[in-house]
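As structure tokens, the structure follows; a few thoughts come after it.
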Amino acid sequence: MERDYETVVKQIAGVVDGESDYTANLSNIAAILKTLPGYFWVGFYLVKAEQLVLGPFQGPVACTRIDFGKGVCGTAWSQKKSQLVPNVHSIPNHIACNPNSKSEVVVPIFSPEKKVIAVLDVDSDVVENFSERDVQYLEKIAAMISELQGSTV
Ligand code: SME
């Protein structure tokens with residue numbers, strides 16, 4: 001699926017320009033990403049007191065807390081590495097927040113000191129709906145969010 005990430009990147013750059021509030025920016029970024037085709041759920045989990053805690057998102061109700069190393073999100077956190085899961089039912093370490101999620105991408109978001117401060121999670125209700133191209137663009141968006149960090153709190 002050829003998603004128009006170039007437009008999304010421009011929209012994100014525009015919406016965060018001049019706004020320093022982290023929650024407001026993550027909320028609008030989730031809303032922009034949700035306009036992409038095949039995005040069933042998109043949102044952020046934030047590192048808080050040794051757990052990932054649900055942050056701004058768009059889509060159905062989701063799990064609120066994920067432990068270090070657990071699920072696809074916790075693995076992206078522990079390995080400091082993006083996770084591309086073509087079929088969530090083919091891996092044991094997947095947390096099913098919603099039975100309709102079939103494929104998933106999770107990318108870490110880093111602080112300037114290279115600590116994982118959050119993850120960006122995207123789910124589709126179709127299997128094999130994401131590719132390395134999606135991962136590359138989502139990593140680019142994660143890097144844009146890392147840049148926001150300094151001016152957020
Ligand atoms: N599937 C994720 C949990 C979060 S939800 O998909 C929104 C995981 O395995 O970490």
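Everything quoted here is computed from the prediction, not taken from an experiment.
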Should Met144 and Val9 count as side-chain neighbours, where that means a heavy-atom distance under 4.5 Å? yes
Just wondering, do Val88 and Val85 contact through their side chains at under 4.5 Å, heavy atoms? yes
Would you please say whether a donor-acceptor pair under 3.5 Å links the side chains of [X] and [Y]?
X: Ser82; Y: Glu139; value: yes
X: Gln136; Y: Tyr5; value: no
X: Asn98; Y: Ser101; value: no

Verify, without hydrogens or angle tests, whether [X] (side chain) and [Y] (backbone) share a donor-acceptor contact under 3.5 angstrom.
X: Gln79; Y: Lys81; value: no
X: Lys140; Y: Val135; value: no
X: Asp134; Y: Ser131; value: yes
X: Arg65; Y: Leu52; value: no
X: Asn28; Y: Val16; value: no
X: Ser103; Y: Val126; value: yes

So, for [X] and [Y], which heavy atoms are closest and what is the spacing to 0.1 Å?
X: Pro108; Y: Ala142; result: O-CB, 3.7 Å
X: Ala62; Y: Leu54; result: O-CD2, 4.1 Å
X: Asn25; Y: Glu19; result: ND2-O, 3.0 Å
X: Pro56; Y: Ala30; result: O-CB, 4.4 Å
X: Leu33; Y: Ile141; result: CD2-CD1, 3.9 Å
X: Asp121; Y: Glu104; result: OD1-OE2, 3.0 Å

Tyr45 and Val106: CA distance, side-chain angles, deciding distance, side-chain contact (heavy atoms from CB on, under 4.5 Å) verdict: CA-CA 10 Å; Tyr45 281 90; Val106 180; over 6 Å; no
Roughly how far, to the nearest 0.5 Å, is [atom2] of [Y] from [atom1] of [X]?
X: Phe130; Y: Tyr39; atom1: CZ; atom2: OH; answer: 5.5 Å
X: Asp21; Y: Ser27; atom1: CG; atom2: OG; answer: 8.0 Å
X: Ile29; Y: Leu120; atom1: CD1; atom2: CG; answer: 9.0 Å
X: Thr7; Y: Asp4; atom1: OG1; atom2: CG; answer: 3.0 Å
X: Leu84; Y: Glu132; atom1: CG; atom2: CD; answer: 5.5 Å
X: Phe40; Y: Lys34; atom1: CZ; atom2: NZ; answer: 8.0 Å

Donor-acceptor pairs are to be reported for all side-chain atoms of residues 67-77 against protein atoms at under 3.5 Å, with residues two or more places apart or in another chain.
residue : atom : partner : partner atom : Å
Asp67   : OD1  : Gln51   : NE2          : 2.8
Thr75   : OG1  : Gly71   : O            : 2.6
Thr75   : OG1  : Asn93   : ND2          : 3.0

Kindly work out whether a path of hydrophobic side-chain contacts (I/L/V/M/F/W/Y, heavy atoms less than 4.5 Å apart) joins Val53 to Val42.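 No, no single cluster joins them.
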State whether Glu2 and Arg133 are salt-bridged, where the test is any N-O pair (Lys NZ or Arg NE/NH1/NH2 against Asp/Glu carboxylate O) under 4.0 Å.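 Yes, charged N to carboxylate O under 4.0 Å.
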Can you tell which of Leu46, Ile117, Leu148 makes a side-chain contact (heavy atoms from CB on, under 4.5 Å) with Ile109? Ile117
Run the side-chain contact (heavy atoms from CB on, under 4.5 Å) test on His89 and Lys102 for me, step by step, so that the C-alpha distance in whole Å, both residues' side-chain angles and the decisive distance to 0.1 Å come before the verdict. CA-CA 7 Å; His89 297 304; Lys102 303 280 168 45; 4.2 Å; yes
Contacts of type ring pair (Phe, Tyr, Trp, His ring centres under 6.0 Å), residue Phe57, not counting sequence neighbours: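 Ring pair (Phe, Tyr, Trp, His ring centres under 6.0 Å) check on Phe57 returns Trp41.
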